[in-house]
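First comes the structure, then the notes that go with it.
Residue numbering restarts at 1 for every chain, and letters A, B, ... go by the order of the sequence lines.
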Amino acid sequence: MLVKAAWGVAGGVFVLWAAATLTFFGLRLIPGDPAQAVLGGPGSQASAEALAAVRAEYGLDQPVWVQYLRYLGRLGTGDLGSSYSLRQPVAEIIGAQIGGTLLLAALSLAVAWVIALGLAVWSTRGGRVAAAVGSALEIVAAAVPHFWLAMVLVLVFSTTLRWLPAVSTPGPAGLVLPVLTLALPLAGFLGQVMRESVLDALEAPFVLSARARGESEGGVRWRHVLRHGALPGIALSGWAFGWLISGAVVVETIFARPGLGRTLLNAVQLRDVPLVVGVVLVVALGYVVVTVLTDAVSRIADPRLRSAS
Amino acid sequence: MSGMSGVAAAGSPQDAPLLRVENLAVGFGRAAARAGAVVEGVSFEVRAGRTVALVGESGSGKSVTARTVVGLTGRGSWVAAEALEVSGASVLGVIRADGTRRGLPAPEWRRIRGAQVGLVLQDALVSLDPLRPIGREIGDALRLHTPLSAGARRERVLELLESVGMPSPAERIGQRSGELSGGLRQRALIASALAASPGLLIADEPTTALDTTVQAQILSLFEEVVARGTGLLFISHDLAVVSRLADEVLVMRSGRVVESGPVERVLGDPQHDYTKQLLRAVPAGVPRGVRLSVSAEPAAPAVDAIRTSPPAPPLPDRAPGAPPAHAVAASPAPSTASPPARAAGEPSAALVVRGVTKRFGDRVAVDEVSLELRTGTTLGLVGESGSGKTTLARIVLGLDAPDAGVVELGGLPWVPGRESLRRPRRAQLGAVYQDALSSFDPRLTVGSILTDALGGADGVAELLREVDLSPELARRRPRELSGGQRQRVSIARALARRPRVLVLDEPVSALDVSVQAQILDLLDRLQREHGIAYLFISHDLGVVRHMSDRIAVMGSGRIVEEGPAATVFEHPEHPLTRSLLAAAPTLSHS
Amino acid sequence: GCSAAAPEASAPATPVSGGTLTYATGFGEPTCLDPHVGGNMPQALVGTNVLESLFSQDETGAIVPWLASGATVSDDGLTVDVALRDGISFTDGTPFDADAVVANIEHMQDPDTASSTAILALGKVASVEAADPLTARFHLSEPDSALQESLAQTWLAMESPAGLARGMDANCAGPIGTGPFVFSEWVKQDHVLLTRNDDYTSSPAGAAHEGPAYLDEIVWRFIPDPATRFAALQSGEVDVIDEMQPADVVAASAEGSGFGVLTGALPGASIRLELNSGYAPFDDERVRKAFIKSADVNPGIQSLFFGTVDRSYSVLSSSTPYGASFESEYAIDADEANRLLDEAGWTSRDADGYRTKDGERLTVDFPISTNQSIPAEVSLFEQIKETTKAVGFDVELHPLDLSSWYGALAAWDFGVTSAIYTKNSPDVLRILYHSDNIQPAPSGYHPNHSHVSIPELDAALTEAGETSDPAEREALYEEAQRILAEGAYVLPLYDHLSKIGYSDRVQGLSLLPTLQIPYFGDAWIAG
Amino acid sequence: MLTRAPRRGARLLGPVQWVALAVVVLLLVAALAPSVLAPGDPFAIAPAEAFLSPRWGHPFGTDESGRDIYTRVVHGAAPSLVIGVAATAIGIGLALVLGLAAALLGRVVDFAVSRLLEVLFAFPGLLLALLVITVYGPGVVTSTIAVGLATAPGYARIIRAQARSVAGAPYVEAAVVLGRSRARILGRHILPNAVVPVFVLVTLGVGQAIVWAAALSYLGLGAEPPAAEWGAMLFAGKNYLATAWWMTFFPGLAIVLSAAATTVLGRLLQRREVR
Ligand SMILES: Nc1ncnc2c1ncn2[C@@H]1O[C@H](COP(=O)(O)OP(=O)(O)OP(=O)(O)O)[C@@H](O)[C@H]1O
Ligand SMILES: Nc1ncnc2c1ncn2[C@@H]1O[C@H](COP(=O)(O)OP(=O)(O)OP(=O)(O)O)[C@@H](O)[C@H]1O
Ligand SMILES: [Mg+2]
Ligand SMILES: [Mg+2]
């Protein structure tokens, strides 16, 4: 178990290094001079001196491999550089934004889980109709683009009914719509997978065994089926994290929530390379952490994984 | 409510049988039309301390009958019976207008399940929730049916584990089924069925997935349970097992009981043709060359005939080279009867294995194995599960490279060596696998599989006929065939290039006895006709004995004993061989 | 003129102090709060209530003193003495005096500041000196009739010299002014917090009251999506929003809606299409004319803006003096357009119906700044694409983010574009159409997108900028506008309106006439 | 999760499947011959008829320039589908190369590709797309490529697993025993069996690709107005959410329906495949 964890961490570090390297060289592909970007993008016709000053400041006058090593060195110490557009250390910007995004993602994941599992367990209980309705709901939910869902939710709950705020407000009310926007499609995806394993579990001989032992229908679902349904949900949490971060880009923009997603979108629009790299790396780190965690949780929850590998 | 009145009507519970089934019918389909009946007219009783066995081929309705007793026939099923009583109380519930029953209300069923009737399901390996410790699974029955506290339940679970012979129960109680071997899982499952001390235990094929040694242990466990006064309804298709355990036996076929009575009478003096056929299909003790299967008689539920039309011509007509006496004789034939190839003087070695060793990490799967397979003969390879049989077969087939040792084919080096050098001589060596289906490319039809093997479309029909299949099957895909048909296609493919040696790794283990008998007969005939040498691997001693000229016994990667079949079986020398033989239940033929 | 509705009229209640007002802007978040740096609308909006200018304008557009008490122009027009009000301090305690003015002007002119707007406005200012503590003396290279108007803009607002001395990064994060509010917090991507300046003394002319503001603080939020912004106003999460959609203006103006709308035409240039006359195909006057004669915009303006704006035939905004209309030059005439294009050699048509010449399609690239052009405007551009397609133009719309759009403009990689230029003076014409401004400013921005280079136009604009005789100015500006209209360099569309929506709870809100920016010095929250 | 056994007893064509098939047929007709369903010009403006709510003659209403939304939604099928299919094709094409290389070219390649995939997985879909857009600037082509790239790692993982299991399948060993050459085994058994299930992935992927491409359009990074592309229509319509809901509702519905329908279809094919 410990060795496994150590390997997991080593793998994570490798992924981070590779992600950093990939972004570093990937963003070298941006046409034009990074110094130009520092001075206000392609529209700026900065003087040669200004450009030279910026190059010196950001080390852009060095050979690429020196820049790369320095970049790695800085990353190693947690220094993500300085944003071109906000003129602030990237780490500071991310530090200020990450909380909101993580909260949003965590809540959405939890809500999606509850909805998906609830729907899977409920709709496999009734007859054909409930099953068809459940599975149709999941497929449609998974097909709904967040931005559209967000608009429809705002139209219904903010503009028409005036129950919930349309933009993020400090209280919990402001979280309801963004969380729903992210959670519903995710619940669709998770639900499809969970339903499969719920159905598998319901057909499995061990459920028949439990019934033969005198277990009630509720007991069967609570003690056996629920866990089996939840397993793929745990296993997919790493993927769901990535999906939620993608969704946060859209949702934070629509609901005017501060967060990494919106920061990233702005940074992309301003071609703020250090900020883009910073956000991407932090997200990669988050993904790695979540993956290591879900692997561990999966292994605890499902002993079959332990013996298999 | 109706359950209570049932008790009153049946008199005092002590006199009543634990289970009384009268004229039971079960089906899947429209209840009103009594459509889709899979069980019909089944009647029997199980009393305390007695064992009743249900036998019959796959799909004959054994499991359905068992599940009906605890009301778990499943969605879309209907049940009708004159009586269905558990401990003297009817469990039929309300009678519907069409004569079928609605069954008891769920809460009443729950008071019966586990408490009065314990059920050990057919799929022992997957009948325990893999996510929960076995202690919890076993304790569930106690939680549901006894007022015991959590601590007391744990005590009782430990006792139960002890009583089913689980080694170091305190340790095992926290393990999940995935951490247990098949035998231990089966014990845990039996413990969970026995937990709330039900009077009646139903065990559905409890030993099918286990190897013979473990099977023997489980069977003695059942004997103990019955000795303690529990009634046992035992389901199996293995007549040998049944003959050891049961007091009474019901032979089922297509949902009906064709014959029933005390076990000695039914197995010793079968009246019904089907029972006879079943008994004859058991290869154990049947000498080489004697047919096991009855040629397709109209009443026989030929599994292979499901989609085959017209039925394959009966064997005797198609075996011109074989002495007709062998083909039809049901009486023991002289074991000296030899096919033409065997008669041709001293047979040469078709395959020689010398000092072959294979390791997987620390585990030595095959350890210095040497064998010789003579032309036109069969070498049976037996051994416990995991003893290295398959690994050896793969090495012989040139699929895995041995760590040491050589294999020679037809006197020339075969393994180790480069595949490109082996390829031209591949035609000499064929293989038949246990899981025929997965050995076929799912996208190809039978025709193209055989065309591939032959290297041309000519002769596909010929080849199919050779294995008693209709040439029309060429258009089908393997997954549209029955198990027996698939195995025939697999054999046909192996024969396509007229190999001198066939490696058969458990070729009949997945098949029903009657189908198994047909395949064994087919193999026998082919050997006689073509003089092919078989390396025949099986864990079923009966099958191996029936098929082999010589026997090699494997244990932990080594060949512990090797010799002529009769010698090995009648005078086993190695302890391992003896224990294997002892564990194998045998059915004494009349 | 200016159409700022006076909300006070409808609610003659007594102001109450205290409370927090939330403002949501659609202009985006400035990257630097110091409007000297660069100089765009987002900076002016958030800065106006913090940073004050030397002059202001009244509702007629006339210059009135603010931090200055007056100005004297020398006879040759080359020296301007600006007298300063006494007793005003920046919120960091630094006194406001002539040295401060000098420090500010020098800061704006310093290339390192990377100013765009201020440096252009100060183009004729050679130097500034402190004649005495309360007199700042501007030395001009040429007479500048628009100097005081320029100095009235927030982009030339006065900041504490001590603040400027902190360096660019610190000053960008919170410039220090004399206004009714101070920058007290900037949570990037979220909000800027303005808190009351309790020592406030320098209310502008026309303010409803003297002294500190009523509001405790203003939370300045950034909600880029207009629909979300309006939804936030409707649901009461924010009190005031800007950049309203035309449809929302109609909804919020309705009686009993619970909301009000303040509108005012931003001074400077009207919203217009600039035809890039420096490069093909619009280097040919006939092609430009054909474009203008085929771009039928009136029906679209009617329907897209729900009657909230009027079609303009003038390059200058209706709130800027000396605007001249040349309606006849912009009459739609498809036949004439076809004739002109035939004459210009664009005679054949390709399979898609677009005109071609020498195998080349009559393509007009139209980069659109998604930050500057509101959606209704983009829709109008789509309609222009459709109507000009009838005579064979292939207008290709390219919505771009700000930096790409600047990039396209800087590279002259466009046929037509629409850019906003807000300036409270007809001198905006010089900035936009003088051939000097084909060259970019230090920030990289070249305001003369039409690439107009006509000596007579340059002369008229220069002269108008130097003379202070109103009649002469009017004649010269009219001449300049005639040249632009007849040469088909520009297609005026409508006034750039500032559209501020507010909840009924907000009282005393007004627009400062200079740039039509909301002024919160008098605002208070009722109930 | 994408390649699992079919549910026993599940009916192949229930009402949901029929509806999905109908939607897919409609989609194909709309994409290949839009004029059959909507003879009008999707770009024809009529400012006088702007913002009409759904009614006779304009079943989905009109937009801010008086264009008929029904016509635009129908004509929007082709570009939206092309983007979806092209993005999926890019993703799967790349994934095929990576996945097959990993599965068939030996341990070293497998190790390298597997690590690369792990790394790519650390960039969530839209982030990868945004990175690509940062480098190459916005536009339809970029966003198509971006979505394709973003989906490639997921497909590659599935294809690798598929190819590996096929390469180790008993029937491949059976072919070895029959003396088939490596090339023949690869061509006759491994590739067809590894690649055929990929077509199922395509159907499952197109719907999601449409959704992601629309998301980029919605963020203003995709198709340019006045393109009749669903994402771009949503982008334009969102400004009139409170006053003209039909401008966003119908294009959104088109996205949802086509994504859902292709998913159902993919499931159906998957079931046939594994059956
Ligand atoms: N839920 C069900 N729905 C429809 N048919 C069923 C169902 N369960 C069993 N059957 C059918 O009932 C018949 C009897 O099945 P059953 O499982 O009792 O056979 P069995 O004798 O136990 O065979 P085996 O030896 O293979 O376990 C079979 O034809 C089977 O297909
Ligand atoms: N590829 C492999 N890697 C590691 N260990 C293996 C591998 N193949 C087989 N073994 C081990 O080698 C031993 C022999 O296995 P093998 O499959 O040959 O047994 P077997 O006699 O065929 O058993 P069974 O009767 O269950 O089929 C077992 O302990 C098995 O776990
Ligand atoms: Mg059974
Ligand atoms: Mg084996």
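If you measure heavy-atom distances from D:Ser65 to chain C, the contacts under 4.5 Å come from both the backbone and the side chain. When heavy atoms are compared at a cutoff of 4.5 Å, C:Gln383 approaches chain D by way of both its backbone and its side chain. No part of C:Phe366 comes within reach of chain D, as not one of its non-hydrogen atoms sits under 4.5 angstrom from that chain. Using a 4.5 Å cut-off between heavy atoms, D:Ala50 contacts chain C through its side chain alone, with no backbone atom that close. Looking at C:Ala231, neither its backbone nor its side chain comes within 4.5 Å of chain D, counting heavy atoms on both sides.
Proximity of D:Met233 to D:Ile69: side-chain heavy atoms (C-beta onward) are separated by under 4.5 Å at one or more points.
Counting heavy-atom pairs under 4.5 Å between each of C:Pro226, C:Pro246, C:Ser379, C:Ala251 and chain D puts C:Ser379 at the top.
For the residue pair C:Tyr23 and C:Asp242, a side-chain donor N or O sits within less than 3.5 Å of a side-chain acceptor on the partner. Using a 3.5 Å distance cut-off with no hydrogens or angles, the side chains of C:Asp495 and C:Ser312 do not pair a donor with an acceptor.
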From CA spacing to verdict: side-chain hydrogen bond (donor to acceptor under 3.5 Å, both in side chains), C:Asp239, C:Ser503: CA-CA 5 Å; C:Asp239 305 301; C:Ser503 143; 5.0 Å; no

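Note: C:Tyr494 and C:Phe305 have tilted aromatic rings, judged against thresholds of 30 and 60 degrees for the angle between ring planes.
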